[in-house]
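Reviewing the structure listed below.
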Amino acid sequence: METIHILHTNDLHSHFENWPRMRRFLLAHQAAYRQKGETVLTFDIGDAMDRSHPLTEATDGQINTTLLNQIGYDGVTIGNNEGIGNSHAQLEHLYDHANFPVLLANLYEQSTNTLAKFAQPYRIITTDQGTRIAVVGLTAPFFLTYRPNGWDPVTISEEMPQLLAQIEGQYDVLVLLSHLGLTTDQWLAEHYPEIDVICGAHTHHLLKDGLMVNQTLLTAAEKYGHYIGDITLTLDANHRPVDRKARTVLTADLPEEAADEAEIAGYLAQGHAQLAAQVVADLPEALPIATIGESPMMTAGLKAIEAATQTEAAVLNTGLFLGGLEPGLVTKDDLQSQLPHPMHLIKVTLKGYDLWRLVLEMEKNRLFLRKFPIKGMSFRGKIFGDIVYDGITVDMTLRRAFWHGQEIAPEASYTLTTVDHYLFIPFFPTIEIVGETEIMFPDFLRNAVATYLTQKYPV
């Protein structure tokens, strides 16, 4: 009989406050299992980085690779925060100094139709007792957001048969690193009995003791480093699993050490300092943000995204702005704190009738959204807030909408700018259903605001 342990992490999202305890647990358990003569493998399942943390933003995610290097991971895959939260060039070089392989089988260079250069589709690991473990990595194929950034993701149903054919006969145990979400993991377990273990991520689900779906063990450790996963496989003489167990360890229950607080604070201080050194504008007066309605900061934000996309109208919500800007020098740190969301701009082109419908959708949801808490889909604030237009007005009494004072013509074409968040949340379906949408890469909302302020209020 052979025992194999798999330690796994996922969806850390740059929550470095949990990292010291996670690191100690992983390193200690690696050492303990090896001392017993048992195989131990360690994997991360993506979204280790999140640009809402100032040091991740300041280093383009290099700090995250540096921290992952401390563990000795046997493989990582990427999540959407690595794949979409970086420009094409930033992702290409994110792992230049990694001491681990990036396992990713379904992301291709658009220009060459070849696998991303930083990745390999799978890895075969052979234990001391001769068991061959194939480890495959897959990430969620978001076509709308990957393709404008120069990548071509491949669907799981298309990639899996090719992968399995490629590695057939080369493994005894098959492990999938899946940044695909629980529903897809369950579908994979039902359709591909070859998979022994799926280490899951993306939907931030917790499978506290794992979940057996047919013959496949599904595992997942929630988000933000709240949990660490620990799988134990027992193999027979033919190198096949006869027992599979999973557990998750609550990081908050792990002991702290005296140096932890200083380490965690140091990551924040370094990030703030590096961003604060980059001055973008000199404001002659404050730009406050109002909770409801128009304000100087909202006006600047709307004009900024119009300028960035060369459009005549824009829509934003007040909850995006976590504060206003004070008079004087404005730095990238100020904008990172104000607009921490990894959101890209989108240009949405609609026929007049559809634009009218979109405006009425927004008006229908306005009061509901003012205090509605939003989580995920790139939002890093608290509530959605109020909807504010530039270039668009509406008379709800008459149910009429206007474009720069002229009533919207049903058959005319109009293009407005907003953030990609509006494409993903369920409140404005017209954008996805009939909108001609262009996602603007590589900059985020805060970059557009920075450029606008630099031009209007130069240092």
Looking only at heavy atoms, what is the nearest atom pair of [X] and [Y], with distance?
X    : Y    : result
F379 : H421 : CB-CE1, 3.7 Å
V449 : G301 : CG2-CA, 4.4 Å
L329 : D334 : O-OD2, 3.7 Å
L320 : L316 : CD1-CD2, 3.7 Å
G79  : Y146 : O-OH, 3.9 Å
I156 : T139 : CD1-O, 4.3 Å

Salt bridge (charged side-chain N to carboxylate O under 4.0 Å, His left out) evaluation trace for R21 with D260: CA-CA 8 Å; R21 285 185 285 188; D260 289 357; 5.2 Å; no
Does any part of the side chain of [Y], heavy atoms only, come nearer than 4.5 Å to the side chain of [X], both counted from C-beta?
X    : Y    : result
R23  : E263 : yes
L163 : L138 : yes
D443 : L345 : no
M440 : I346 : no
K332 : V279 : no
N317 : L369 : no
T318 : I292 : no
R123 : V136 : no

All side chain to side chain contact (heavy atoms under 4.5 Å, CB included) counterparts of V249, not counting sequence neighbours: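 Once residues adjacent in sequence are excluded, the partners of V249 under the side chain to side chain contact (heavy atoms under 4.5 Å, CB included) criterion are F25, R247, L254.
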Ignoring hydrogens and geometry, is there a side-chain-to-backbone donor-acceptor pair from [X] to [Y] under 3.5 Å?
X    : Y    : result
N18  : Y224 : yes
T418 : V315 : yes
D386 : G293 : yes
E109 : S111 : no
N69  : H97  : yes
D390 : A314 : no
N149 : W151 : no
E407 : W403 : no
N365 : M362 : no
Q62  : H93  : yes

Test salt bridge (charged side-chain N to carboxylate O under 4.0 Å, His left out) applied to E256 and R24, step by step: CA-CA 10 Å; E256 293 185 89; R24 280 194 299 274; over 6 Å; no
If you round to the nearest 0.5 Å, how far is [atom2] of [Y] from [atom1] of [X]?
X    : Y    : atom1 : atom2 : value
I392 : L355 : CD1   : CG    : 5.0 Å
E312 : Y414 : CD    : OH    : 10.5 Å
L335 : N447 : CG    : CG    : 8.5 Å
L12  : L68  : CG    : CG    : 8.0 Å
N10  : T203 : CG    : OG1   : 9.0 Å

Centres of the [X] and [Y] rings: under 6.0 Å?
X    : Y    : answer
H8   : F43  : no
H344 : F444 : yes
F372 : F384 : no
W19  : F16  : no
H53  : H272 : no

Pair [X] + [Y]: basic N to acidic O under 4.0 Å:
X    : Y    : value
K347 : E306 : no
R446 : E57  : yes
K223 : D47  : no

With a 6.0 Å cut-off (strictly less than), is the heavy-atom count around [atom1] of [X], excluding the residue itself, greater than 12?
X    : atom1 : answer
E436 : CD    : no
E294 : CD    : no
E326 : CD    : no

Full working for ring pair (Phe, Tyr, Trp, His ring centres under 6.0 Å) between H204 and H226: CA-CA 10 Å; H204 297 180; H226 292 160; 9.4 Å; no
[X] and [Y]: side-chain donor and acceptor closer than 3.5 Å?
X    : Y    : answer
D333 : T331 : no
N64  : T56  : yes
T430 : R357 : yes
T42  : Q30  : yes
T415 : T311 : no

Working for salt bridge (charged side-chain N to carboxylate O under 4.0 Å, His left out), residues E363 and R366: CA-CA 5 Å; E363 293 302 317; R366 177 184 292 277; 2.7 Å; yes
CA sep, side-chain torsions, deciding dist, call: H202, F142, ring pair (Phe, Tyr, Trp, His ring centres under 6.0 Å): CA-CA 12 Å; H202 182 51; F142 292 131; 5.6 Å; yes
Aromatic ring pairing Y73/F100, orientation class (parallel under 30°, perpendicular over 60°, tilted between):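 Perpendicular, since the angle between the ring planes exceeds 60°.
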